[in-house]
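Working notes for the structure below.
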Amino acid sequence: MKVSFIVPLYNCLPLTQAMVESLQATLPAGLEHEILLVDDGSTDGTRDWIAGLGAPFRVLLNERNSGYAASNNRGAAAATGELLLLLNNDLVLQPGWLEPMLALHRRLGSAAGVVGNVQREVRSDRIDHAGIFINLKGKPEHLREEPHGWRELFTRVHYSDAVTGACLLVKRSLWNEIGGFDEGFVNGCEDVDLCLRAKAAGNLTAVALGSVVRHHVSSASGRKDRDEQNTRRLTLRWRKELAACAARRWSKHYYAAGTHDPQDHGGRFDLQVWLHAIGWRRTPPQRALDTMDAAIAIELARWEEMFGPIGALTKESESQA
């Protein structure tokens with residue numbers, strides 16, 4: 001299938017040039033593809049440089065700075081490939097990075113949702129992303145080590161709550177079906193929201209562990225400025241789903257604590273918690289859900305102190321969920 005690579009740009013021209021060079025050098029021979037560069041109002045010479053690029057490049061220029069989500073949405077709307085592959089302009093792509101992602105997408109078949117990969121921080125070479133999980137506060141967090149379970153060892157696949165949009169593969173028809181990125185998120189959480197909507201539509205999110213790229217993490221100016229607002233918006237929309245995602249991690253912690261010191265839990269053994277912790281029970285135990293919902297309530301109260309009452313934002317999130 002034809003692949004449309006979508007790269008949103010905002011300044012950082014040297015990083016863009018290096019990423020484009022690494023992309024062209026690592027594409028498999030014979031791959032049908034196009035590369036859409038969506039410039040979001042760069043002022044550092046980026047526009048002059050991309051103006052001189054020919055096929056397979058296609059250049060889209062935003063009239064004003066519209067943000068990460070809007071730039072990707074514009075690129076996806078113009079794409080002609082059956083597969084969309086979103087790339088940040090601060091990646092360094094390595095030989096063999098693409099093939100495992102394409103192979104995993106084919107292998108998942110009709111259940112294929114969003115496919116991500118392993119990303120190492122350029123300066124330290126430490127893993128910055130091997131998927132996104134929901135932590136014990138009910139908030140998204142990068143998995144910063146490669147999973148080492150038996151399933152991952154043999155399949156080289158890790159099923160994840162979400163993956164980062166820095167390097168993300170999705171079928172264009174699914175992207176259109178679930179509506180692409182929500183532009184209400186400002187440079188954060190739009191990727192997690194996309195993955196949760198794909199899951200709600202019956203699709204899987206997975207990490208191709210054989211695909212490894214390098215990433216200049218958060219090189220864009222102001223990348224973290226609205227993390228709290230974005231996470232609040234995500235939580236208001238997906239509160240129940242976030243609690244369910246975190247329930248297995250909570251169950252593992254509960255079971256491990258009980259094994260270490262049974263007195264921590266009054267000496268009681270909770271079979272449902274144990275079965276969920278080891279993956280033999282899919283439905284989260286009510287105790288785990290209640291505990292995670294209480295943790296999320298604490299975060300919501302903290303955000304209310306920071307930003308004021310939820311008010312109209314709650315109604316908006318509920319109407320779009």
Side-chain angles (χ1 to χ4, degrees), residues 1-12 16 19-20 23 33-42 46-47 50 56-91 101 105 112-116 132 140 162-201 203 205 218-227 229-231 233-234 236-238 313 316-317 319-321:
M1 291 191 284
K2 182 178 180 179
V3 180
S4 294
F5 297 93
I6 300 172
V7 188
L9 309 176
Y10 181 64
N11 294 328
C12 302
T16 298
M19 191 283 293
V20 166
L23 174 59
H33 70 282
E34 62 182 356
I35 304 172
L36 293 95
L37 304 177
V38 187
D39 187 75
D40 201 23
S42 294
T46 291
R47 292 200 167 196
I50 61 179
F57 293 93
R58 296 173 57 197
V59 173
L60 303 173
L61 304 177
N62 291 345
E63 293 182 2
R64 58 180 179 83
N65 186 270
S66 302
Y68 175 78
S71 293
N72 276 292
N73 285 345
R74 185 177 181 192
T80 61
E82 292 90 349
L83 295 176
L84 305 179
L85 212 157
L86 277 52
L87 296 172
N88 276 15
N89 69 327
D90 58 351
L91 296 175
M101 296 182 74
H105 193 275
V114 184
V115 173
I132 294 174
V163 297
T164 176
C167 186
L168 178 158
L169 174 68
V170 63
K171 198 169 184 178
R172 181 160 59 97
S173 59
L174 177 60
W175 175 277
N176 292 335
E177 176 188 340
I178 63 179
F181 280 152
D182 175 0
E183 297 177 18
F185 292 102
V186 182
N187 299 333
C189 287
E190 55 276 285
D191 43 14
V192 180
D193 176 69
L194 181 84
C195 292
L196 291 174
R197 281 187 280 126
K199 180 180 179 180
N203 299 276
T205 295
S218 299
S219 59
S221 176
R223 168 63 182 84
K224 298 289 187 178
D225 288 354
R226 291 183 59 86
D227 276 4
Q229 295 94 325
N230 289 325
T231 309
R233 180 184 178 87
L234 182 80
L236 290 172
R237 176 174 294 176
W238 297 104
L313 185 56
E316 178 189 0
S317 298
S319 68
Q320 294 178 15

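Computed over heavy atoms, backbone and side chain alike; hydrogens, waters and symmetry mates excluded. Position 1 is the first residue of the sequence; numbering continues from there. Quick caveat: nothing in here was measured; it's all calculated off a predicted structure.
- To the nearest 0.5 angstrom, His33 atom NE2 is 7.0 Å from Leu23 atom CG.
- With rounding to the nearest 0.5 angstrom, the CZ atom of Arg237 is 11.0 Å from the SG atom of Cys189.
- For Asn176, the side chain to side chain contact (heavy atoms under 4.5 Å, CB included) criterion is met by Arg172, not counting sequence neighbours.
- Between the side chain of Asn203 and the backbone N or O of Ala198 there is at least one donor-acceptor pair closer than 3.5 Å.
- Closest heavy-atom contact between Cys167 and Leu91: CB-CD1, 4.2 Å.
- Among residues two or more places apart in sequence or in another chain, the ring-ring contact (aromatic ring centres under 6.0 Å, His included) test is passed with Phe181 by Tyr68, Trp175.
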- Message: Pair Tyr10, Asn65 - check side-chain contact (heavy atoms from CB on, under 4.5 Å), show working.
- Response: CA-CA 8 Å; Tyr10 181 64; Asn65 186 270; 3.4 Å; yes

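- Between Leu84 atom CG and Phe5 atom CZ the span is 11.0 Å, to the nearest 0.5 Å.
- Applying the side chain to side chain donor-acceptor pair (under 3.5 Å) rule to Thr80 yields the partners Lys2, Glu34; only residues at least two apart in sequence or on another chain are considered.
- Smallest separation of non-hydrogen atoms from Gln229 and Asp225: OE1-O, 4.0 Å.
- In this structure Ala112 satisfies the side chain to side chain contact (heavy atoms under 4.5 Å, CB included) test together with His105, Leu108, sequence neighbours excluded.
- Under the rule for a side chain to side chain contact (heavy atoms under 4.5 Å, CB included), Ala77 has no partner lying at least two apart in sequence or in another chain.
- With rounding to the nearest 0.5 Å, the separation of CG in Leu87 from CD1 in Ile35 is 9.0 Å.
- Judged purely by atom type and a 3.5 angstrom limit, Arg197 uses its side chain to pair as donor or acceptor with the backbone of Ile178.
- What you find for Leu194 and Gly180 is that their closest heavy atoms are CD1-O, 3.5 Å.
- Considering all non-hydrogen atoms of both residues, Thr164 and Asp191 come closest at CA-OD2, 3.4 Å.
- Scanning for side chain to side chain donor-acceptor pair (under 3.5 Å) contacts around Glu177 gives an empty result, with sequence neighbours left out.
- Here Leu85 contributes atom CG and Leu169 contributes atom CG; the two are 5.0 Å apart, rounded to the nearest 0.5 Å.
- The shortest non-hydrogen separation linking Gly81 to Ser4 is N-OG, 2.8 Å.
- Look at Arg233 and Asp182 and you find a salt bridge, because one of the NZ, NE, NH1 or NH2 atoms lies within 4.0 Å of a carboxylate O, short of that distance.
- In terms of the side chain to side chain contact (heavy atoms under 4.5 Å, CB included) criterion, residue partners of Thr16 (sequence neighbours excluded) are, by chain and number, Leu9, Val20, Trp49, Asn89.
- Of the possible polar contacts, one joining the Asn230 side chain to the Arg226 backbone as a donor-acceptor pair under 3.5 Å is found.
- With rounding to the nearest 0.5 angstrom, the CZ atom of Phe185 is 5.0 Å from the CG atom of Leu234.
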- Message: Evaluate Leu61 against Ile50 for side-chain contact (heavy atoms from CB on, under 4.5 Å), listing each step before the verdict.
- Response: CA-CA 10 Å; Leu61 304 177; Ile50 61 179; 4.0 Å; yes

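- Looking at residues two or more places apart in sequence or on another chain, you find a side chain to side chain donor-acceptor pair (under 3.5 Å) between Asn62 and Asp40, Ser71, Arg74.
- With sequence neighbours left out, the side chain to side chain donor-acceptor pair (under 3.5 Å) criterion links Thr231 to no other residue.
- Remark: Asp39 engages Arg47 in a salt bridge (charged side-chain N to carboxylate O under 4.0 Å, His left out) (not counting sequence neighbours).
- Between Val170 and Gly113, the shortest heavy-atom contact is CG2-O, 3.6 Å.
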